[in-house]
Amino acid sequence: MLLDGTGSRPVGLGELPSPVNAVDAKALVRQALWAGRGLEAGDDPLLMAYVEDTRVTTPEKLAERHARAAWPAAAAERAALTRALLGTLRAGMRPASRRLYEEVERPLATVLAHMEATGIRFDVEQLAGLTGQLRRRLAELEAAIQELVGRPFKVSSRDQLEALLFDELGLAPSRQTALTNKRSTDNETLSALRDAHPVVPLILEHRELAKLVGTYLEPLPRWVNPQTGRLHTTFDQTNAATGRLASLNPNLQNIPIRTEAGRPIRGAFCAAEGYRLVSADYSQIELRILAHLSGDPTLVRAFALGEDIHRITAARVAGIALEAVTREQRSQAKTINYGLSYGLSAVGLAERTGMSRGEASRFIKRYFEEYPGIEAYVRETKRLCKEHGYVEDLFGRRRYIPDINAPGAAIRVRAENAAINMPVQGACASIIKKAMVEAFPALCELGARLLLQVHDELVVEAPEDRVEEVGALLRKTMTGVVELAVPLEVEVGHGKTWLEAHGG
DNA sequence: TAGATTACGGGG
DNA sequence: CACGCCCCGTAATCTA
């Protein structure tokens, strides 16, 4: 969180003209923290308004909604309006959202400022080898693709790819893009066509590697602050409709982990000399919250017994023993578990798993017979949202969804799915935020530094001789932050790098 | 030429 | 008809 000096607006670095200025802005925050200023949590009308209505994400919307005015251009007027809004908002807050604001969001702003100012060490040298390797492979792929196609061809252009695959090569398109009805060339489509023509697997590999080079390997080194040698992200506290944080400039909440080609990038995120990275992440927290909210007996019992839900689903889908479930199968089951809970259709399930539509329909029927509480939760949440026009998470964070009563079915279904999802995702966000606020002072006492939050994971830099204490503290704080019908479980790991610390 | 839109794919 | 949700960044392409 950064202050713009005129009110209390968290400023995304995207509004700043260049990474260089972004670095300067971070330096100012560091100076303020070192000087002992900025440590007292200040009230923030935008945070107050956001908790009560997550659509209020900017000062412009704050002014429009709560002062029926435009957000002024002049700093003095901004300050005056901010002060006026503080008074009216403070007086009008609901008790639940007041607690969420005072106990979570307001103190969290200070924690986030520390995290941003601290940054995380990033070893540029270590990545140079991988970058060169992927660049050479990309050149190989381009040559091979060129050879097969017989003419110059820009692999990164989905329009050119569409023409090549479906017009020249006569392959069968699967589905259309959402807004312009073009024939889709996305990963799902290409994977289905993998064996239809030898160029397709080459294009798939090119896509994956180009993504890694263009999104991570080339930009990240440029974001390293020359003064600190570290990456300083910005956390936007008032952006997500569900109450989650967002990370930007650079985004450190989407660093690759799922594929072999991308995972090594996490190895460049490392601890300072004399420190180790400690990673603590909630296991299956969204499903546990769903179990709590729905009270589904089967789900609650499974979690109480410490069973692996994704593994169980994977075994059922594949019709195999629990022990025979592979990493990929479990990952697919994860998609099914979360997808079905949030409205995934039979068609969507069939597309993602290779089942026929009939099989998918039967599977969904079985799934909801197995978990009747989930079905009831879905029905009841939609009903409440249609009645009130909003949904809330466990702590009273509110998301308005006016589309819930839209006449168009597609728009309405989308709104219904969002309504089902928000109380779960929002509770998850509130819970880990609360854990951050509670753990932060104790971490400081141990000489440790909170560095990153990735939705269900915290990353901490701990002195080498305090690793065990820090791990225990994180586990205790994260599991104890709220009492649910099911236990919360936390996996803790540590290592010299993020890769080692998190499931490495 | 610059900004907006679109498709795509990385994470949870 | 279409049909998991929440984000952010990149590249190509469109539009002013």
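Below, read A as the first sequence line, B as the second, and so on, with proteins coming before strands; counting in each chain starts at 1. Hydrogens, waters and symmetry mates play no part in the numbers below; they use all other heavy atoms, side chains included.
Across the protein-nucleic acid pair, A:Ile257 atom CD1 and B:dG12 atom P stand 7 Å apart, rounded to whole Å. Atom CG of A:Asp236 is separated from atom P of C:dC7 by 11 Å (rounded to the nearest Å). Rounding to whole angstrom units, CZ of residue A:Arg158 and P of B:dT5 are separated by 18 Å. When the P atom of C:dC6 is taken as reference, atom CG of A:Leu248 falls 19 Å away, rounded to whole Å. Atom CD of A:Glu208 is separated from atom C1' of B:dC8 by 14 Å (rounded to the nearest Å). Residue A:Phe166 contributes atom CZ, which lies 13 Å from atom C1' of B:dA7 at whole-angstrom precision. C:dC3 atom C1' lies 17 Å from atom OH of A:Tyr342, rounded to whole Å. Going from atom CG of A:Leu217 over to atom P of B:dG10 covers 13 Å, rounded to whole Å.
You'll find that the side chain of A:Asn251 is closest to B:dG10, out of B:dG9, B:dG10, C:dT10. Among C:dC3, C:dA11, B:dA7, the nucleotide with an atom closest to any side-chain atom of A:Ser156 is C:dA11. Of the candidates C:dC6, B:dG10, B:dG12, B:dG10 carries the atom nearest the A:Tyr216 side chain, counting heavy atoms from C-beta on. For A:Thr180, counting side-chain heavy atoms from C-beta on, the closest listed nucleotide (B:dC8, B:dG12, B:dA7) is B:dA7. Side-chain proximity of A:Gln425 to C:dC6, B:dT6, C:dG4: nearest is C:dC6. You'll find that the side chain of A:Asp186 is closest to B:dC8, out of B:dC8, C:dT13, B:dG10. Among the nucleotides B:dA7, B:dC8, B:dG12, the one closest to any side-chain atom of A:Arg258 is B:dG12. Checked against C:dC8, B:dG12, C:dC5, the side chain of A:Ala246 finds its nearest nucleotide in C:dC8. Here C:dA12 is the nucleotide among C:dA12, C:dC6, B:dC8 with the atom lying nearest to any side-chain atom of A:Lys154. For A:Pro219, the listed nucleotide lying nearest its side chain is C:dT10; candidates were C:dC5, C:dG9, C:dT10.
In summary, the side chains of A:Ser279 and A:Glu457 do present a donor paired with an acceptor at a separation below 3.5 Å, with no hydrogens or angles considered.
One can find a donor-acceptor pair under 3.5 Å joining the base of B:dG9 and the side-chain atoms of A:Lys211. A donor N or O paired with an acceptor N or O is not found under 3.5 Å between the base of C:dC7 and the side-chain atoms of A:Arg244. Checked by distance alone, A:Asn254 brings a side-chain donor or acceptor within 3.5 Å of a matching partner on the base of B:dG10.
The aromatic rings of A:Tyr338 and A:His310 lie tilted to each other, with the angle between the two planes from 30° to 60°. Ring orientation note: the planes of A:Tyr367 and A:Phe363 are tilted relative to one another, at an angle of 30° to 60°.
Checking the phosphate oxygens (OP1, OP2) of C:dC7, no side-chain nitrogen or oxygen of A:Ser247 falls inside 4.0 Å. Between C:dC5 and A:Thr242, no contact under 4.0 Å exists linking OP1 or OP2 to a side-chain N or O. At the phosphate of C:dG9, neither OP1 nor OP2 sits under 4.0 Å from any side-chain N or O atom of A:Thr215. Within the structure, a side-chain polar atom (N or O) of A:Ser157 is placed less than 4.0 Å from OP1 or OP2 of C:dT13. Applying the 4.0 Å criterion to OP1 and OP2 of C:dC8, one finds that A:Asn239 has a side-chain N or O inside that range.
Relative to the ring axis of A:Tyr390, A:Arg398 places its NZ or CZ within 45° and under 6.0 Å from the centre.
Ionic pairing of A:Glu64 and A:Lys61 is not present here: no N-O contact between side-chain nitrogen and carboxylate oxygen is shorter than 4.0 angstrom. Using a 4.0 Å cut-off between charged side-chain N and carboxylate O, A:Glu208 and A:Arg137 make no salt bridge. We find that A:Arg65 and A:Glu52 are not joined by a salt bridge, their nearest charged nitrogen and carboxylate oxygen being 4.0 Å or further apart.
A:Leu349 comes within 4.0 angstrom of nothing in the nucleic acid, heavy atoms only. A:Arg399 comes within 4.0 angstrom of sugar-phosphate atoms only, judged by non-hydrogen atoms across all strands, and of no base. Among the protein residues, A:Arg414 comes within range of the sugar-phosphate backbone only, with heavy atoms under 4.0 Å from sugar or phosphate atoms but none that close to a base.
Spacing between C:dC3 and B:dG9 at atom P, rounded to whole Å, works out to 16 Å.
A heavy atom closer than 4.0 Å to some atom of DNA chain B occurs in no member of residues 400-412 of chain A.
Comparing A:Val347 and A:Lys182, the nucleotide of DNA chain C nearest to each residue sits closer to the 5' end for A:Val347.
Taking OG of A:Ser184 as the start and CG of A:Leu161 as the end, the distance is 9.5 Å to the nearest 0.5 Å.
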Criterion side chain to side chain donor-acceptor pair (under 3.5 Å) on A:Ser174 and A:Glu188, from CA distance to verdict: CA-CA 9 Å; A:Ser174 58; A:Glu188 241 176 65; over 6 Å; no
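More than 12 heavy atoms of other residues, nucleotides or ligands shown are found within 6.0 angstrom of CZ on A:Arg121.
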